[in-house]
Amino acid sequence: MFVERNIGGSEHHRYGWIEVVCGSMFSGKTEELIRRMKRAMIARQKTMIFKPTVDNRYHDSNVVSHNDNIIESSAVNFANDILLRATDCDVVGIDEVQFFDKEIIEVAIKLANAGKRVICAGLDMDFKGRPFGPISELMAVAEYVTKVHAVCISCGDVASYSFRRTKSNKTVVLGETDIYEARCRKCFYEGMAEK
Ligand code: ADP
Ligand code: MG
């Protein structure tokens, strides 16, 4: 289990750090992001949560998990908007980070170097089982990477893949249980072969 370090305070902590929480759809990424942000709030740290405007499935500004946990957030168009708006924060949370432009990597580094704890949550793989957008580079520059898992909807094994039930070949097709299923490696690749 990830354990929070002290942010702010001593000389040593003038620099922050980057955390990545990743996994398939329904794996609990947003839940884990909300959990970490709420603990920081309890400790009276200044927090802000951002998400890309592309993801407005549930609510225009709030971040909402699949089991209805909810936290206030700001929707932004570009990664650089986060840099401008988070100047006053101790802890910066970013959900659905895979939808941001490549600039998000520099933004995360700059925020961490400015003394902030940066928590990025997002899909590690797209519907083809390949790295999603900037996530692999974010994982490389992060101090802490946590992979969370769902339950395979076909067999109950550990699920790491987001299986798209439709035939669309676009990387971004927003949707929920009607379009995507969490699947284990075996059930994912067997399903891909049947398409
Ligand atoms: P993510 O952000 O990774 O898509 P959330 O944090 O929003 O996931 O939601 C996690 C919740 O999704 C779980 O606590 C559970 O209630 C629900 N859920 C739905 N389908 C599954 C599944 N196949 N495996 C595990 N949890 C699932
Ligand atoms: Mg989520």
Side-chain angles (χ1 to χ4, degrees), residues 1-2 4 18-41 47-76 79 82 91-101 104 108 118-136 138-139 142 144-166 170-192:
M1 184 58 71
F2 179 85
E4 286 89 346
I18 301 170
E19 299 164 26
V20 169
V21 178
C22 61
S24 68
M25 286 188 73
F26 312 108
S27 61
K29 303 178 298 295
T30 300
E31 270 292 293
E32 180 60 16
L33 174 67
I34 293 173
R35 190 185 76 85
R36 292 184 190 185
M37 295 306 291
K38 285 195 171 166
R39 285 167 66 95
M41 286 173 193
T47 59
M48 268 190 98
I49 302 170
F50 297 93
K51 66 174 188 178
T53 43
V54 63
D55 179 43
N56 58 359
R57 282 171 293 181
Y58 300 94
H59 193 284
D60 277 340
S61 63
N62 288 340
V63 163
V64 185
S65 71
H66 289 110
N67 53 357
D68 297 330
N69 211 338
I70 189 163
I71 199 163
E72 199 181 308
S73 75
S74 306
V76 290
I82 300 174
V91 185
V92 181
I94 307 168
D95 200 15
E96 302 289 358
V97 74
Q98 77 279 352
F99 289 142
F100 278 105
D101 48 293
I104 194 72
V118 186
I119 311 173
C120 305
L123 290 168
D124 48 5
M125 289 182 274
D126 62 17
F127 75 104
K128 288 180 173 168
R130 296 290 178 259
F132 205 137
I135 196 80
S136 41
L138 273 172
M139 287 163 82
Y144 305 99
V145 177
T146 306
K147 276 220 183 196
V148 284
H149 304 92
V151 179
C152 176
I153 216 79
S154 302
C155 75
D157 209 340
V158 175
S160 305
Y161 296 88
S162 309
F163 182 74
R164 186 186 284 170
R165 296 169 63 198
T166 65
K170 274 165 54 189
T171 306
V172 179
V173 175
L174 292 180
E176 282 306 315
T177 42
D178 53 330
I179 300 181
Y180 293 99
E181 288 176 0
R183 289 199 183 187
C184 69
R185 178 180 290 276
K186 178 175 178 288
C187 295
F188 175 78
Y189 280 104
E190 284 180 358
M192 292 285 276

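Source: prediction; values computed, not measured. Numbers here simply count residues along the sequence, with the first being 1. Remember, it's 1-based here, ligands and their atoms both numbered in the order they're listed.
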Salt-bridge contact Glu32-Arg36 (side-chain N to carboxylate O under 4.0 Å):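 Salt bridge: yes.
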Report, in ascending order of atom number, the atoms of ligand 1 lying under 4.0 Å from any heavy atom of [X].
X: Ile153; answer: 23 (N)
X: Asn67; answer: 14 (O), 16 (O)
X: Thr30; answer: 2 (O), 6 (O), 7 (O)
X: Glu31; answer: 6 (O)
X: Gly28; answer: 1 (P), 3 (O), 5 (P), 6 (O), 8 (O), 10 (C)
X: Ser24; answer: 3 (O)

Have a look at Arg35, His66, Lys29 and point out the one with the heavy atom closest to atom 17 (C) of ligand 1.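 Minimum heavy-atom distance to atom 17 (C) of ligand 1 goes to His66.
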Could you name the option among Val151, Val64, Val21 that has the heavy atom nearest to atom 22 (C) of ligand 1?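 Of the listed residues, Val151 has the closest heavy atom.
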Output a table of donor-acceptor pairs, distance under 3.5 Å, between side-chain atoms of residues 150-164 and any protein atom two or more places apart or on a different chain; print 'none' if there are none.
{"residue": "Tyr161", "atom": "OH", "partner": "Arg185", "partner atom": "NH1", "Å": "3.2"}
{"residue": "Tyr161", "atom": "OH", "partner": "Arg185", "partner atom": "NH2", "Å": "3.0"}
{"residue": "Ser162", "atom": "OG", "partner": "Met25", "partner atom": "N", "Å": "3.0"}
{"residue": "Arg164", "atom": "NE", "partner": "Tyr180", "partner atom": "OH", "Å": "3.3"}
{"residue": "Arg164", "atom": "NH1", "partner": "Ser168", "partner atom": "O", "Å": "2.9"}
{"residue": "Arg164", "atom": "NH1", "partner": "Lys170", "partner atom": "O", "Å": "2.6"}
{"residue": "Arg164", "atom": "NH2", "partner": "Lys170", "partner atom": "O", "Å": "2.7"}
{"residue": "Arg164", "atom": "NH2", "partner": "Thr171", "partner atom": "O", "Å": "3.1"}
{"residue": "Arg164", "atom": "NH2", "partner": "Tyr180", "partner atom": "OH", "Å": "3.2"}

Could you give the distance from SG (Cys22) to CE (Met125), rounded to the nearest 0.5 Å? 8.5 Å
Is there side-chain contact between Met139 and Lys147, with heavy atoms separated by less than 4.5 Å? yes
Is there a side-chain contact between Met41 and Ile71, using heavy atoms and a 4.5 Å cut-off? yes
Criterion side chain to side chain contact (heavy atoms under 4.5 Å, CB included) on Thr30 and Val64, from CA distance to verdict: CA-CA 7 Å; Thr30 300; Val64 185; over 6 Å; no
Report the residues that fulfil side chain to side chain contact (heavy atoms under 4.5 Å, CB included) with Ala121, sequence neighbours left out, ordered by chain and then residue number.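 Partners of Ala121 by the side chain to side chain contact (heavy atoms under 4.5 Å, CB included) criterion, ordered by chain and then number, come out as Val21, Lys29, Leu33, Asp95.
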Mind checking whether Met25 has an N or O less than 3.5 Å away from an N or O of ligand 1?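 N/O-N/O distance under 3.5 Å: no.
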Closer than 2.8 Å to the Mg ion (ligand 2): does that hold for any N, O or S atom in Thr30? yes
